[in-house]
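Written below as structure tokens is the structure these notes are about.
Remember, it's 1-based here, ligands and their atoms both numbered in the order they're listed.
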Amino acid sequence: MSERKGSEPIGVVGVGWVGLVTAACFAELGHRVVARDIDAAKVEALGRGEVPIHEPGLPELLERNRERLSFTTDMGELLDAARLIFVCVQTPPTYSGDADLSAVETAVEEIGDGEGRALVMKSTVPVGTGRKIRKKAGGLAYVSCPEFLREGSAVHDFLEPDRVVVGAEPADEWAADAVAAAYEPLCKPVVRTDVASAEMIKLASNAFLATKISFINEIANVCEEVGADVAEVSRGMGLDQRIGPKFLQPGIGFGGSCFPKDTQALKQLAGNSGYHFQLLSSVIEVNELQKRRVMGKLAKRLGSLSGKRVALLGLAFKPDTDDMREASSLVLAARLEGEGAEVTAFDPVSGAQAGELLPNVKFSESALDALDGADAAVLVTEWPEFAEIDWVEAAGRMNAAQMVDGRNFLDPDALRSAGFTYDGIGRPGVAGDAGG
Ligand code: UDX
């Protein structure tokens with residue numbers, strides 16, 4: 001398999017989820033890619049063809065492009081091979097909500113100030129980070145090229161992006177041109193801008209999407225009070241092209257590695273600059289409250305939760321991933337246990353990860369086993385296979401057939417005719433108290 005004519009060798013620093021998808025997709029576009037990680041075991045496993053994360057389409061992509069891809073622990077090997085170095089290291093939140101940039105700082109130090117090379121920042125960083133790095137880094141050019149990948153559809157999102165954002169200062173125009181050229185085979189719009197604006201585009205985009213979710217969650221809560229159906233409301237709103245139908249699905253809150261972290265980071269960034277981001281503060285608060293509202297719905301059906309058994313269907317923060325970061329299931333399980341309930345759970349993928357995080361939860365091998373003997377069930381993650389559950393059998397195996405559908409995913413009529421009481425989010429006839 002040969003490299004595409006005119007292709008640019010690509011270096012990737014940090015082979016986590018973003019780095020691995022970025023490396024595989026650039027290889028798919030015809031570039032030679034050298035990806036470097038400090039974790040020797042991971043590098044060896046990747047060299048053997050093992051894929052350490054659950055991401056649809058990724059194993060096929062890695063297999064197909066094996067000859068163009070190499071994994072190493074040696075930064076020197078990467079620097080020899082590529083002048084464009086995509087930094088994909090983690091920037092987790094600190095206790096205060098600021099982004100922890102220590103992995104970025106280490107990467108910058110290791111790359112050094114190589115003239116004629118460019119550091120291309122994929123990781124989400126506070127606005128102003130690029131300018132600071134550029135100042136210190138001597139001859140190294142700096143380009144901000146934030147990722148907009150969703151877990152579970154990251155390969156698709158990389159290869160079919162709505163836009164690619166490329167931010168650089170005028171002195172680094174050659175590097176911005178080279179990055180834009182690397183994405184050229186995609187034939188997608190490239191937003192050329194300055195570094196600070198590129199950094200802000202990423203944070204603002206995620207904050208806006210999170211705002212849409214918290215907004216529709218609050219609309220759902222009001223629907224419960226006034227007898228409207230949020231599914232109808234969402235459909236009617238979404239057809240207005242100025243609003244759009246996406247990210248208008250109510251539920252039990254957003255989770256994952258990005259929205260909670262990025263909303264917090266933008267709020268904190270604004271606060272550090274002396275601006276109180278009122279709307280974003282509310283978006284975050286509404287999300288926390290939304291995770292807890294399920295407790296109110298359960299209490300309305302069960303009374304005291306003490307000694308009751310509650311089954312959680314799904315644990316990951318969304319389907320098609322095993323990621324448990326900031327998953328609503330973590331908050332829910334802790335609160336249920338705090339009220340004295342026994343918690344059983346089934347997740348098709350994230351069982352192993354979840355086991356460590358939820359030591360008191362009893363894990364089952366199937367959804368039906370998790371429901372066995374339960375006094376109520378909560379659908380936490382909308383895994384497609386949950387739509388196929390035999391609800392008549394489920395009702396027979398439960399102690400009491402009660403379902404709180406935290407994602408409005410199941411068919412209420414099918415459940416009710418199987419003998420369930422069904423409560424969704426913002427749907428008519430639901431138990432609607434805010435949970436404590
Ligand atoms: C997100 C962004 O979409 C992506 O661009 C960014 O790079 C990383 O963060 P991701 O965290 O993988 O991606 O998940 P996403 O599909 O966006 O969902 C985030 C959370 O919002 C999930 O918990 C999901 O359940 C929730 N969500 C999403 C809703 O509650 N309602 C919706 O309508 C959409």
Side-chain angles (χ1 to χ4, degrees), residues 16-19 21-22 25 53-56 58 88 90-93 121-125 145-158 160-165 198-199 201-221 230-231 233-235 237-238 243-266 283-284 286-291 293-294 314-332 347 350 379-383 405-409 424-426:
W17 173 76
V18 172
V21 171
T22 299
C25 289
I53 52 169
H54 177 84
E55 189 60 43
L58 186 60
C88 304
Q90 72 280 16
T91 53
M121 188 62 79
K122 274 263 155 237
S123 307
T124 305
V125 293
C145 181
E147 55 88 9
F148 298 96
L149 309 175
R150 285 165 302 173
E151 292 187 31
S153 56
V155 169
H156 168 272
D157 291 348
F158 190 102
E160 295 285 336
D162 292 336
R163 77 322 202 174
V164 175
V165 175
E199 291 167 340
I201 288 170
K202 167 68 196 244
L203 289 173
S205 297
N206 274 356
F208 185 76
L209 292 170
T211 303
K212 270 187 108 172
I213 299 171
S214 277
F215 181 84
I216 201 68
N217 279 338
E218 289 222 281
I219 291 291
N221 299 342
V230 73
V233 175
S234 178
R235 187 164 64 94
M237 286 172 66
I243 299 172
K246 294 183 179 160
F247 284 77
L248 280 187
Q249 309 314 315
I252 50 175
F254 57 77
S257 64
C258 287
F259 284 175
K261 165 176 87 88
D262 293 351
T263 46
Q264 197 64 47
L266 181 51
V283 167
I284 295 165
V286 166
N287 196 51
E288 287 311 311
L289 292 173
Q290 197 69 11
K291 295 181 194 173
R293 276 182 69 88
V294 170
L315 295 165
F317 84 96
K318 67 173 193 176
D320 265 332
T321 175
D322 58 356
D323 199 336
M324 289 291 297
R325 279 177 287 182
E326 301 284 337
S328 298
S329 60
L330 297 173
V331 173
L332 202 50
D347 188 284
S350 69
L379 185 131
V380 179
T381 316
E382 64 277 35
W383 284 99
D405 181 356
R407 299 288 172 189
N408 284 357
F409 175 67
I425 308 289

Heavy-atom distances under 4.0 Å decide this one: backbone, side chain, both or neither, for I216 against ligand 1?
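Contact part for I216 vs ligand 1: neither.
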
Determine whether the side chains of [X] and [Y] contain a donor N or O and an acceptor N or O closer than 3.5 Å.
X: R163; Y: S205; result: yes
X: W383; Y: D347; result: yes
X: N221; Y: Q290; result: yes
X: E151; Y: W17; result: no

Heavy atom of the protein closest to [atom] (residue, atom name, distance):
atom: atom 34 (C) of ligand 1; answer: F247 CD2, 3.4 Å
atom: atom 1 (C) of ligand 1; answer: F259 CE2, 3.5 Å
atom: atom 3 (O) of ligand 1; answer: R150 CG, 3.1 Å
atom: atom 18 (O) of ligand 1; answer: K318 CD, 4.1 Å
atom: atom 27 (N) of ligand 1; answer: I213 CD1, 3.4 Å
atom: atom 8 (C) of ligand 1; answer: C258 SG, 2.9 Å
atom: atom 20 (C) of ligand 1; answer: F254 CB, 3.6 Å

* Below 4.5 Å, heavy atoms only, C-beta onward: do V380 and I252 meet side chain to side chain? ->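 V380 vs I252: side chains touch.
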
Heavy-atom contact check, 4.0 Å cutoff: does K212 meet ligand 1?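 No, K212 has no heavy atoms under 4.0 Å from ligand 1.
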
Next on the checklist: Taking a cutoff of less than 4.0 Å between a non-hydrogen atom of the residue and any ligand atom, is G255 in contact with ligand 1?
Outcome noted: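 A heavy atom of G255 does come that close to ligand 1.
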
* CG of D262 to OG of S257: how many Å apart, nearest 0.5 Å? ->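 Those atoms lie 8.0 Å apart.
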
If you measure every N/O of [X] against every N/O of ligand 1, is any gap under 3.5 Å?
X: F317; answer: yes
X: L149; answer: yes
X: Q249; answer: yes
X: E151; answer: yes

With atoms numbered from 1 as shown, which atoms in ligand 1 lie under 4.0 angstrom from a non-hydrogen atom of E147?
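The atoms of ligand 1 under 4.0 Å from a heavy atom of E147 are 7 (O).
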
| said: Only heavy atoms of K202, strictly under 4.0 Å: list the atoms of ligand 1 that pass. | reply: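 Answer, ordered by atom number: 7 (O).
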
query = Do K291 and E288 sit within salt-bridge range, that is, some charged N less than 4.0 Å from a carboxylate O?
reply =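 E288 and K291: salt-bridged.
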
key: Residues K261 and E326 bridged, charged N to O under 4.0 Å   =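 No, no charged N to carboxylate O under 4.0 Å.
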
Practice problem: Give the minimum heavy-atom separation between A220 and I425, together with the two atoms involved. | Solution: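 Between these two residues, the closest heavy atoms are CB-CG2, 3.9 Å.
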
Next on the checklist: Looking at F148, I'd like to know if its CZ atom is crowded, meaning that more than 12 non-hydrogen atoms belonging to other residues, nucleotides or ligands lie closer than 6.0 Å.
Outcome noted: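 Check passes, neighbour count above 12.
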
